[in-house]
Amino acid sequence: MRLLVAALCLGAIVLPLAVAPSVNDAAPAVYDLIIRNGRVIDGTGRPVFNADIAIKDDRIARIGNLRGAQAKREIDARGQIVAPGFIDMLGQSEQYVLIDPRAMSKVMMGVTTEITGEGESIAPVNDRILKEQEDFNRRFNLTVDWRTLDEYFKRLDKQGAGINLGTFVGATQVREFVIGYDDRPPTPAELEQMKKLVADAMKDGALGVSTSLQYVPARFARTGEIVELAKVAHQYGGIYITHQRSEANAIDDSMKEVFEIARRAQIPAEIWHFKTAYQKNWGRMPEMLRRIAVARRQGLKITANVYPYVAGSTSLSACLPPWALEGGTDRMIARLQDPATRARLRKEVTTDSKDWENIYLGSGGPSGILISAVVNRELESWQGKRLSEIASAQKKDPLDALFDFLIADHGQTSAIFFMMKESDMQAALKSPFVSICTDSGARATDGPLAGSKSHPRGWGTYPRILGRYVRDEHLMPLEFAIHKMTGLPAANVGLKQRGLIREGYFADITIFDPKTVIDRATFEDPNQYPVGIDYVIVNGQIEVDNGRRTAALAGRVLRGPGYSSHR
């Protein structure tokens, strides 16, 4: 109970406790599955307890001593932890699950639910947006046969997926839909159209509205524009979630903007992949956490999430200043091909600034940037290489290598940027109002997504926390870590009857060995599944059986609060 008292003192979201049942069925009851002899951590933060768990159809039917009960299948979880399925607070798999519905890298590390939609969401889409996506869609033979979020959800429901998926509607997405990629505010009529698109998405089941304000064209949005869209999401019971405007040199003003949007829209707000990036900002995480704690005491519902790595990942084009990205990919490429513009870019990319997030300098230059995934197959041999290695091999200046790579891959390259400090990441990881995310799409070691590499966080986030930070380094108690992976994120985004092991809740369950669980993915060789995750159950169906992936695709679409009340 010391953990819960401490969490309450720090302002954590602690869900109501349930007394562990003690059931001894007098007459045999037949269930679909019984998990026996496990040590249950239920997701609330309460201490571990011993219990059996019975599953019927897609629900947890009974918890307790089930010696008299029978089931079609039993799992002996002796010596293992039985936890709610892990919830990825930012998963980026909305397209990947259409390409490969198994969601292998997520399911194999215990993730049963993913939240996504970072600024640019899967819908709404129009021809202008589809043109920007055509390189990716062509590479993976992805046919976009939806225009609205409801149409996307129906396709996903029909196809099936290995994980449950819920999404936000992106403020960036509706800006691109209405305005395009230009640096200007919306007209009053355009703002009304954007608000209607958010309302339509909320009625289709979006969890709220999201922003990715570091990037173009989201960076062109003023605070007032975001407030108006957040007000619409609030009307339908949603929350505001953000990749804030600055995670580095301008983080002070950026945090103020998060609080201002939450206050003016009267809406809960969450900060995605919270960090204090670039060396000059290292050591500032405790201060940022204190600011959130103060805002929470003042009545704002502010939360955050984090991944357990010191490197981030985004588009390689993020190395360019915002003006170079305005207008879309084709205009960016034209600028990079112009010698005079290249000269201007060379000067700005090598100059520190508070006016934009200079991730090139913030990562220490070309040696701190690793190419992770490309769309142009001719460039695949450079995946897993540092930009400095590429420049050396090509006998080019590093900035010329950067600009030429962006041209060759038509701006579609993903890269990993080494820009955080371990102690800052750990401070956020320990915070009671910070949950867990991967910020990475589901991939696999085989199939259509096997040809590209990604950040190791997409393969090992949860086992890394359980093995390295809980078991080996004792950074936090196991029950607290599980709460941050399950009950806390479920409460923050309003997922109903998920995130806890509780009778009547959906049977999303992960069973792991606390003595052996660990990640194996590295930055140089990320495409490796973890060890120690023995069983994963999604909506009552076993998707990982004794460490092996089954053929089950039991995931479901998770619609937000606006859906049920308006359909």
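Sequential numbering from 1 along the given sequence is applied to the chain's residues. Everything numeric in this text was worked out from a predicted model, so none of it was measured.
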Any chance you could measure Ser435, atom OG, to Ile87, atom CD1, to the nearest 0.5 Å? 9.0 Å
Worked verdict on Arg59 versus Asp57 for salt bridge (charged side-chain N to carboxylate O under 4.0 Å, His left out): CA-CA 6 Å; Arg59 302 276 181 158; Asp57 297 324; over 6 Å; no
Within the 4.5 Å heavy-atom criterion, are Ile163 and Asp88 side-chain neighbours or not? no
Can you name the nearest heavy-atom pair linking Pro268 to Gly238, along with the distance? CD-O, 4.4 Å
Quick check: does any side chain N or O of Ser363 sit under 3.5 Å from a backbone N or O of Phe417, one acting as donor and the other as acceptor? no
Ionic contact status for Arg284 with Asp252, cut-off 4.0 Å: yes
How far does CZ of Phe153 sit from CG of Leu165, to the nearest 0.5 angstrom? 7.0 Å
Let me confirm one number: the CD1-CD1 distance from Ile81 to Ile482, rounded to the nearest 0.5 Å. 7.5 Å
Contacts of type ring pair (Phe, Tyr, Trp, His ring centres under 6.0 Å), residue Tyr529, not counting sequence neighbours: Trp459
Indicate yes or no: at least one non-hydrogen side-chain atom of Arg443 is less than 4.5 angstrom from one of Tyr96. yes
By the ring pair (Phe, Tyr, Trp, His ring centres under 6.0 Å) test, which pairs, at least two apart or in different chains, include something from residues 489-521? none
When rounded to the nearest 0.5 angstrom, what is the spacing between CE in Met285 and CZ in Arg290? 11.5 Å
So, are Asp32 and Lys72 salt-bridged, with charged N and O less than 4.0 Å apart? yes
Do side-chain atoms of Tyr278 reach the backbone of Ile359 as a donor and acceptor pair under 3.5 angstrom? yes
Let me see the working for Asp439 and Lys275 under salt bridge (charged side-chain N to carboxylate O under 4.0 Å, His left out), right down to the final yes or no. CA-CA 13 Å; Asp439 192 15; Lys275 62 178 71 73; 5.7 Å; no
Verify, without hydrogens or angle tests, whether Glu503 (side chain) and Ile63 (backbone) share a donor-acceptor contact under 3.5 angstrom. yes
Using a 3.5 Å distance criterion without hydrogens, assess whether the side chain of Gln541 forms a donor-acceptor pair with backbone atoms of Ala552. no
Non-hydrogen side-chain atoms of Ile292 and Ile271 separated by less than 4.5 Å: yes
Aromatic Phe523 / basic Arg386 pairing, under 6.0 angstrom, 45° off normal: no
Main-chain N/O of Thr522 paired to Gln528 side chain as donor or acceptor, under 3.5 Å: no
Would you say that Gln244 contacts Ile251 through its side chain, given a criterion of any heavy-atom pair below 4.5 Å between the two side chains? yes
With side chains defined as the heavy atoms from C-beta onward, is the minimum distance between Ile115 and Thr167 less than 4.5 Å? no
Glu118: what forms a salt bridge (Lys or Arg N to Asp or Glu O under 4.0 Å) with it, not counting sequence neighbours? none
Check the pair Arg36 / Asp52 against salt bridge (charged side-chain N to carboxylate O under 4.0 Å, His left out), numbers first and verdict last. CA-CA 5 Å; Arg36 296 194 183 276; Asp52 302 328; 3.7 Å; yes
For a 4.5 angstrom cut-off between non-hydrogen side-chain atoms, does Ile465 reach Leu475? no
Salt bridge flag under 4.0 Å for residues Asp446 and Arg102: yes
Output, in order, the C-alpha distance, side-chain angles, deciding distance and verdict of side chain to side chain donor-acceptor pair (under 3.5 Å) for Tyr215 and Thr314. CA-CA 10 Å; Tyr215 304 120; Thr314 188; 2.9 Å; yes
Rounded distance [0.5 Å steps], NE2 in His483 versus CG in Leu500: 9.0 Å
Would you say the rings of His474 and Tyr469 are close, in the sense that their centroids are separated by under 6.0 Å? no
Whether Thr550 side chain and Ile542 backbone form a donor-acceptor pair below 3.5 Å: yes
State whether the side chain of Thr116 and the backbone N or O of Gln92 hold a donor-acceptor pair below 3.5 Å, judged by distance alone. yes
With salt bridge (charged side-chain N to carboxylate O under 4.0 Å, His left out) as the test, would you mind laying out the steps for Arg498 and Asp508 before giving the verdict? CA-CA 7 Å; Arg498 297 188 190 270; Asp508 295 338; 2.7 Å; yes
Is the side chain of Tyr152 donor-acceptor paired with the backbone N or O of Glu94 at a distance under 3.5 Å, no angle test? yes
Report yes if some heavy atom in the side chain of Thr276 is under 4.5 Å from a heavy atom in the side chain of Trp282; otherwise report no. no
Side-chain donor/acceptor of Ser452 to backbone N/O of Ala373, under 3.5 Å: no
Against the six-membered ring of Tyr307, is Arg457 placed for a cation-pi contact (under 6.0 Å from the centre, within 45° of the normal)? yes
In terms of heavy-atom contacts, Glu247 and Glu357 come closest through N-OE1, 2.9 Å
Can you confirm whether Leu495 sits close enough to Asn164 that some side-chain heavy atom of one is under 4.5 Å from a side-chain heavy atom of the other? no
